[in-house]
Amino acid sequence: METDESIERNKTHDKPFHYDEKVAHLKQEIEEALENERPKSLWQRVVFATRVLLRSLTLVIRSVPVIFYSTYLRLFPNSEYVKKSYYTYVLNTLRALGPVYIKLGQWMATRPDLFDEELTEVLGELHSFGTIHDHDESIQAIERCFGKPIDEIFESIDEQCIGSGAIAQVYRAKSKTFGDVAVKVRHPNLFKKHDLDLTILFPLLKLLVPKSLNLDANFSEFAESMLNQVDMRFEAYNNQHFLHTFRHSSEIVFAKPLSCSEEVIVSTFEEGDDVSTWLARPENTFSKAEHVRKLIASLGNAMYLKMVLVDNFMHGDLHPGNMKIRQNDEGHYEIVVLDTGIVYRLSNESKNDLVNIFISVSEKDGVALAHFLSKRGHPAREEFDRYVLNEKNGRFTSYSDQLNPVYRAYQEKMSKHLDTILSTPHAEIQAAYSFEKAIRIAREHGVEPETGFLHILLSTALIEGVARHINPQMEFVNDIKPTLRGIIKESDVLYRFVQRASSAKMKQQSPIVWPHPRLPPTTLFN
């Protein structure tokens, strides 16, 4: 059981937290544990093979209607009733198959670039679905982790969990040392079920998923994400890293891990109302609390941009249930961020490409946007590098006559998409939809987008949805500019861009306005 020695609970969190080192060590430990769990004797192999066979039969039986539905829809693609029945069946099947498949469905719901948009909307229901295991099993897990009776660990612990998901459920307890705490307990036997299901799932998906979806890379991404969630220590490490990166941000609050093991994590209990509850209060209607709601929405956008562009450490599941709103003792509003089990990071190359995407959009350069959305090493990217882009006087020049016709069509369609976005009033621009459409255009032309950008698409969609829910009048493009000004101070690349954008030549081509903040500045970038 890891306690204060490795998960240090200090007030400022100025002490560096060696995140990469700890995560690498933990992954190695898990790989060794998985290797030890794998059958070695003949009897163990027979038992494992039997389990795989029985589980496979269940999956095959469940998959037969999927094959029927998908075949029928290929022949009759306009049958809306059958399509709706098909998607409902997929949703219910994933629920019935257990945590790994629920997580698979949740992951599919975040990948509109890979799956039909209607299907991703249906599977979005899985984000609010959680199984609940018996209270006694939670007590046994807690006692097993601490090595002592529950009465010696907590003064009291609620019998009813206050929340449950596909991986774990959460209780409120009273600690003898830290007062009210949150106790998150993994569902029983999840580690073994996870390994068994992933062993079966990959070959099954190979039969069902078209080759165009690049199953190998996407399944590896899902498997790693799943592994990071079934061990509670990953969430504790993620939380600690967020505490360090937001140590100067008084308005953004993360729970402080107190102790953790692979099955249980104990952290401070952070009070607050979830977003929907807070918005439902009579005193928080938009007509009565317009200024406050705009402030909170702006704060959420600033938090997101800091995660993406400054820290390169993004919370991967920022839906309304994972955020609380509250006022501190001084009357200032705070956003409490929960459930940090999923995080995303970009490689240095992808981070540079992301900055160039911002520049491409602001310069109205669809050619450059098409280029930087393409995955490094992909034939389209290599061809663009050879023929399409030539930086001359700060501008990109297209050699479309030398370009592969497919990629030229991709470039032209991306330019039209960008023109449509930039001709739309700012209040009507939906950043997540625009980004998703760009990725769909890439896929339509056989161009593989950079995987990291898909994670940003998800994060943007979630935070933009929450922010618009809080502030219906939000203009996402304009509202993020004051925060971007703070980020620019920390980024030489973006600073050079703004210097160029303010030149007379740039003003003629693509005027960019950086307005003063309309809301009180936050301390996110102090």
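Scope of the values below: all heavy atoms of this structure, side chains included, with no hydrogens, waters or symmetry mates.
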Problem set entry | Which atom of V183 lies closest to which atom of A173, heavy atoms considered | CG2-CB, 3.9 Å

For this session: Can you sort out the partners of F76 under ring-ring contact (aromatic ring centres under 6.0 Å, His included), two or more places apart, ordered by chain and number?
Result: Y72

For this session: Please list, chain by chain and in numerical order, all residues satisfying ring-ring contact (aromatic ring centres under 6.0 Å, His included) with Y171, sequence neighbours excluded.
Result: H135

Seminar exercise, completed: The side-chain hydrogen bond (donor to acceptor under 3.5 Å, both in side chains) partners of E270 (sequence neighbours excluded) come to T268, R326

Exercise. Sequence neighbours excluded, which residues qualify as ring-ring contact (aromatic ring centres under 6.0 Å, His included) partners of H315?
Worked result: none

Exercise. Is I167 close to M232 at the side-chain level, that is, under 4.5 Å between some pair of heavy atoms?
Worked result: yes

For this session: Indicate yes or no: at least one non-hydrogen side-chain atom of T340 is less than 4.5 angstrom from one of H241.
Result: no

For this session: Kindly give the heavy-atom pair with the smallest separation between M414 and A438, and that separation in Å.
Result: CE-O, 3.4 Å

Exercise. What pair of heavy atoms forms the shortest contact from F146 to S259, and how long is it?
Worked result: CZ-OG, 3.5 Å

Exercise. In Å and rounded to the nearest 0.5 Å, what is the CG to CG distance from N92 to L126?
Worked result: 9.0 Å

Exercise. Taking the side chain as C-beta and beyond, is there a heavy-atom pair between Y19 and R345 under 4.5 Å?
Worked result: yes

For this session: For the pair F246 and V337, evaluate side chain to side chain contact (heavy atoms under 4.5 Å, CB included) and give the outcome as yes or no after the intermediate values.
Result: CA-CA 11 Å; F246 280 86; V337 183; over 6 Å; no

Exercise. Shortest non-hydrogen contact from A255 to L243?
Worked result: O-CD1, 3.9 Å

Problem set entry | Qualifying side chain to side chain donor-acceptor pair (under 3.5 Å) pairs, either residue in residues 173-186, two or more places apart | R172-D180, K174-D180, K184-E235, K184-D339

Seminar exercise, completed: Applying side-chain hydrogen bond (donor to acceptor under 3.5 Å, both in side chains) to H445 and not counting sequence neighbours gives none

Can you give the donor-acceptor pairs under 3.5 Å from side chains of residues 147-161 to other protein atoms, not counting sequence neighbours?
none

For this session: Please state whether the rings of F242 and F254 are parallel, tilted or perpendicular, taking 30° and 60° as the class boundaries.
Result: parallel

Exercise. Heavy-atom distance under 4.5 Å between the side chains of K306 and S249, does that happen here?
Worked result: yes

Seminar exercise, completed: Those residues at least two apart in sequence (or on a different chain) that pass side chain to side chain contact (heavy atoms under 4.5 Å, CB included) with R45 are P39

For this session: Quick one: which residue pairs count as a ring pair (Phe, Tyr, Trp, His ring centres under 6.0 Å) with a foot in residues 26-71, not counting sequence neighbours?
Result: Y69-Y86

Exercise. Who pairs with E118 by side chain to side chain contact (heavy atoms under 4.5 Å, CB included), at least two apart in sequence or on another chain?
Worked result: E80, K83, Y87, D116

For this session: Nearest 0.5 Å please: distance from the CZ atom of F178 over to the CG atom of L258.
Result: 5.0 Å

Exercise. What is the distance from atom CG of D134 to atom CD of Q169, rounded to the nearest 0.5 Å?
Worked result: 9.0 Å

Exercise. Are the side chain of N238 and the backbone N or O of V343 linked by a donor-acceptor pair below 3.5 Å?
Worked result: no

Exercise. Do the ring planes of H187 and H133 sit parallel (below 30°), tilted (30 to 60°) or perpendicular (above 60°)?
Worked result: perpendicular

Problem set entry | Steps toward side chain to side chain contact (heavy atoms under 4.5 Å, CB included) verdict (L318, V466) | CA-CA 8 Å; L318 279 173; V466 174; over 6 Å; no

For this session: Give, for atom CZ of R233 and atom CD of E263, the distance between the pair rounded to the nearest 0.5 Å.
Result: 10.5 Å

Exercise. What closest approach, in Å, do G105 and L123 show between heavy atoms, and which atom pair accounts for it?
Worked result: O-CB, 3.7 Å

For this session: Would you please name every residue forming a ring-ring contact (aromatic ring centres under 6.0 Å, His included) with H469, sequence neighbours left out?
Result: none

Problem set entry | Any M323 side-chain heavy atom under 4.5 Å of I463 side chain | yes

Seminar exercise, completed: Across all chains, not counting sequence neighbours, the side-chain hydrogen bond (donor to acceptor under 3.5 Å, both in side chains) partners of D273 are R281

For this session: Would you indicate whether the side-chain heavy atoms of I252 and L299 approach each other to under 4.5 Å?
Result: yes

For this session: Would you sort out whether K27 and F234 count as a side chain to side chain contact (heavy atoms under 4.5 Å, CB included), showing the intermediate values?
Result: CA-CA 9 Å; K27 285 183 177 179; F234 279 109; 3.7 Å; yes

Problem set entry | Heavy-atom pair of closest approach, residues A236 and C260 | CB-SG, 3.8 Å

Exercise. Can you find a heavy atom in the side chain of T58 that is under 4.5 Å from one in the side chain of L97?
Worked result: yes

Exercise. What is the distance from atom CG of D311 to atom OG1 of T245, rounded to the nearest 0.5 Å?
Worked result: 4.5 Å

Exercise. At what distance, to the nearest 0.5 angstrom, does CD1 of I265 lie from OH of Y237?
Worked result: 10.5 Å

